[in-house]
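Notes for the one structure printed next.
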Amino acid sequence: MGFPKNFLWGGATAANQCEGGFNLDGRGLANVDLCPAGKDRNAVITGEMKMFEFDENHFYPAKNGIDFYHHYKEDIKLFAEMGFKVYRMSIAWSRIFPNGDEEAPNEKGLVFYENIFKECRKYNIEPLVTITHFDCPMYLIKKYGGWRNRKLIDFYKNLCRVIFTRYKEIVKYWITFNEINMILHAPFMGAGICFEEGENREKVKYQAAHNELVASAEAVKIAREINLENKVGCMFAAGSTYPYSCNPQDVWKALKTDRESYFFIDVQVFGKYPNYALKEMGRNNCLPEIFPEDLEILKNYTVDFTAFSYYNSRCAAADPKQSETAEGNLFVSAKNPYLSYSEWGWPIDPMGLRITLNEIYDRYRMPMFIVENGLGAVDIPDENGFIQDDYRINYLREHIKAMKDAVELDGVELMGYTAWGPIDLISAGSGQMKKRYGFIYVDLDDEGKGTLKRKKKKSFDWYKQVISSNGENLD
Ligand code: BG6
């Protein structure tokens with residue numbers, strides 16, 4: 001009983017939140033580089049405020065990240081010491097294609113990732129590669145308008161063909177888009193979209209969604225053509241939505257809220273648009289332009305597994321005045337009075353992970369992968385400089401227990417678990433460094449100052465023991 005023998009334990013990062021080296025070895029600029037920390041971040045990531053160039057009044061944390069670009073050997077060595085079986089990371093598109101629409105790739109970018117994969121293999125760590133984790137080359141945004149333009153599908157296909165070919169021998173697990181449902185909540189960060197005055201924003205977002213869905217299916221097709229051993233997954237920001245009460249109006253609101261996210265995965269798993277989405281988009285005048293060949297590709301190239309992030313559950317009230325609101329992974333929802341909250345106001349709900357796992361499995365009956373989960377918290381070193389992060393250990397322990405119940409008692413099929421940010425990195429939502437998730441501390445502050453020195457926290461040995469006992473020893 002317990003977790004399967006080959007369960008993939010590990011951690012997950014994203015290029016833009018850790019690499020840095022934004023202008024090194026031919027890398028081009030990307031949307032994620034231009035998301036500043038501070039009060040304007042939200043306006044920029046949601047596409048309300050145009051930020052196409054760096055300016056002197058803002059600090060851009062992704063420029064240097066935690067300098068994984070120069071520290072990857074040291075960092076992967078630490079992951080290996082924790083016993084990682086898998087390392088989920090992403091490729092910065094503009095390292096491989098600086099503008100995005102070139103024919104030929106940038107060799108130096110390809111070599112960088114090749115070295116990372118080799119380093120992983122050295123320790124028997126399986127790479128799980130997200131093809132795009134929010135990033136889109138700025139040139140594609142300026143020239144084509146980002147994912148609102150279907151030309152992006154071809155550029156993305158080119159990227160896929162190049163990386164699937166080059167890394168054929170060393171990478172088998174791929175994710176097409178990180179949190180594909182983020183297009184709806186953070187359209188600039190998620191899909192390189194900035195809105196023009198007076199345009200139908202919903203239509204733009206759903207057009208971008210359609211283009212990404214087609215691109216994702218095209219990626220599955222190419223992956224299979226190149227290597228039948230490739231396994232390609234979809235990925236979304238999950239977390240079941242509870243009705244605020246048993247009032248049927250609240251129940252209906254909760255169901256509809258969940259459908260906003262499931263809609264993407266319904267297409268990627270079932271190979272066609274669900275009726276509820278077509279009806280809703282039709283009513284709201286935001287149906288995307290869909291070509292007949294799109295329907296074919298969507299139908300024929302569905303994914304091999306469903307991956308998702310889980311930080312918190314959500315709660316929906318039909319009447320917004322009925323409850324207070326709560327923050328969460330880029331979604332605001334009604335405040336659930338039964339839960340406790342993190343320092344950033346995110347609900348903490350381990351049981352919600354079991355519920356979410358069961359819901360997703362009931363819906364898709366397909367192997368799942370939890371590719372992000374964790375607690376963002378401020379870490380204060382004690383008098384010896386050591387970080388006793390029991391709060392993080394408690395959060396993870398309870399979530400791993402809930403995941404174990406879902407596997408052991410409910411029989412869901414789960415391929416693995418990668419904790420978010422095994423090493424401290426830049427927060428996607430806030431751009432802060434002090435919102436830390438890691439088992440490894442990085443000496444860096446919110447202004448980009450620090451020695452970048454890496455240090456193990458208390459949770460480092462704890463997670464090591466979780467992995468070595470295959471999830472049996474959680475004390
Ligand atoms: C997910 C993203 O939204 O949540 C990550 O895939 C992100 O990129 C993570 O970092 C946690 O969110 P935050 O805002 O705390 O960094």
Side-chain angles (χ1 to χ4, degrees), residues 10-19 30-33 35-38 41-42 44-46 61-62 65-66 68 87-93 128-136 175-191 212 233-239 261 264-265 306-314 326-333 341-348 353 356 369-379 391-392 395-396 399 417-438 442 444 446:
T13 63
N16 75 88
Q17 291 169 259
C18 67
E19 277 179 14
N31 54 343
V32 283
D33 302 324
C35 297
R41 186 173 183 87
N42 201 48
V44 172
I45 68 178
T46 53
I66 56 161
F68 180 76
Y87 171 39
R88 174 184 176 227
M89 40 80 67
S90 79
I91 282 192
W93 188 345
L128 164 60
V129 179
T130 315
I131 299 166
T132 52
H133 191 122
F134 296 149
D135 57 303
C136 180
I175 285 172
T176 53
F177 289 91
N178 180 63
E179 297 191 334
I180 191 163
N181 50 332
M182 272 310 157
I183 293 181
L184 306 180
H185 308 276
F188 181 68
M189 187 164 77
E212 286 198 0
C234 54
M235 193 295 193
F236 73 119
S261 301
F264 293 88
I265 311 306
T306 58
F308 63 90
S309 60
Y310 176 87
Y311 293 91
N312 51 265
S313 58
R314 309 184 169 97
E327 296 297 319
N329 183 16
L330 286 175
F331 302 61
V332 176
S333 75
Y341 289 82
S342 78
E343 285 167 282
W344 269 263
W346 293 20
I348 299 179
L353 177 57
T356 301
F369 210 133
I370 300 174
V371 291
E372 286 183 34
N373 172 240
L375 177 73
V378 175
D379 288 327
Y391 37 90
R392 182 167 295 109
Y395 176 101
L396 293 169
H399 283 78
Y417 172 88
T418 54
W420 175 249
I423 181 163
D424 293 343
L425 36 66
I426 310 291
S427 155
S430 71
Q432 291 165 312
M433 188 62 209
K434 71 171 182 212
K435 189 178 186 191
R436 297 172 182 272
Y437 286 86
V442 177
L444 186 70
D446 282 348

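Just follow the structure's listing: the first ligand is 1, and inside any ligand the first atom is 1.
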Salt-bridge contact E372-R88 (side-chain N to carboxylate O under 4.0 Å):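 Looking at E372 and R88, the cut-off is met.
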message: Check this for me, if you would: do D379 and K434 make a salt bridge, where the nitrogen-to-carboxylate-oxygen distance has to be below 4.0 angstrom?
response: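 Judged by the 4.0 Å cut-off on N to carboxylate O distance, D379 and K434 do not form a salt bridge.
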field: Candidate pair H133 and W420, rule ring pair (Phe, Tyr, Trp, His ring centres under 6.0 Å), full reasoning
entry: CA-CA 13 Å; H133 191 122; W420 175 249; 5.7 Å; yes
Could you tell me, atom by atom, which parts of ligand 1 come under 4.0 Å of a heavy atom of [X]?
{"X": "N178", "answer": "6 (O)"}
{"X": "Y437", "answer": "11 (C), 12 (O), 13 (P), 15 (O)"}
{"X": "K435", "answer": "13 (P), 14 (O), 15 (O)"}
{"X": "H133", "answer": "2 (C), 5 (C), 6 (O), 8 (O)"}
{"X": "G429", "answer": "13 (P), 14 (O), 16 (O)"}
{"X": "Q17", "answer": "5 (C), 7 (C), 8 (O), 10 (O)"}

task: For Y437 and D424, test the side chains for any donor-to-acceptor distance below 3.5 angstrom and give the result as yes or no.
output: no
From G421, S427, S90 - option closest to atom 13 (P) of ligand 1 by heavy atom: S427
- request: Report yes if some heavy atom in the side chain of T13 is under 4.5 Å from a heavy atom in the side chain of Q17; otherwise report no.
  value: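 No; the side chains remain at least 4.5 Å from each other.
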message: Polar contacts were defined as any N/O atom of the residue lying under 3.5 Å from an N/O atom of the ligand; does this apply to W346 and ligand 1?
response: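 No: no nitrogen or oxygen of W346 is under 3.5 Å from one in ligand 1.
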- prompt: With only distance considered, is A428 within less than 3.5 Å of ligand 1 through an N or O on each side?
  reply: yes
message: Please work out, at 4.0 Å between heavy atoms, whether the side chain, the backbone, both, or neither of Y311 comes within that distance of ligand 1.
response: side chain
- request: Taking all non-hydrogen atoms of both residues into account, name the closest pair between D135 and I91 and its distance.
  value: OD2-O, 3.6 Å
Shortest non-hydrogen separation from E179 to S309 and the atoms involved: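 E179 and S309 have their closest heavy atoms at OE2-OG, 2.5 Å.
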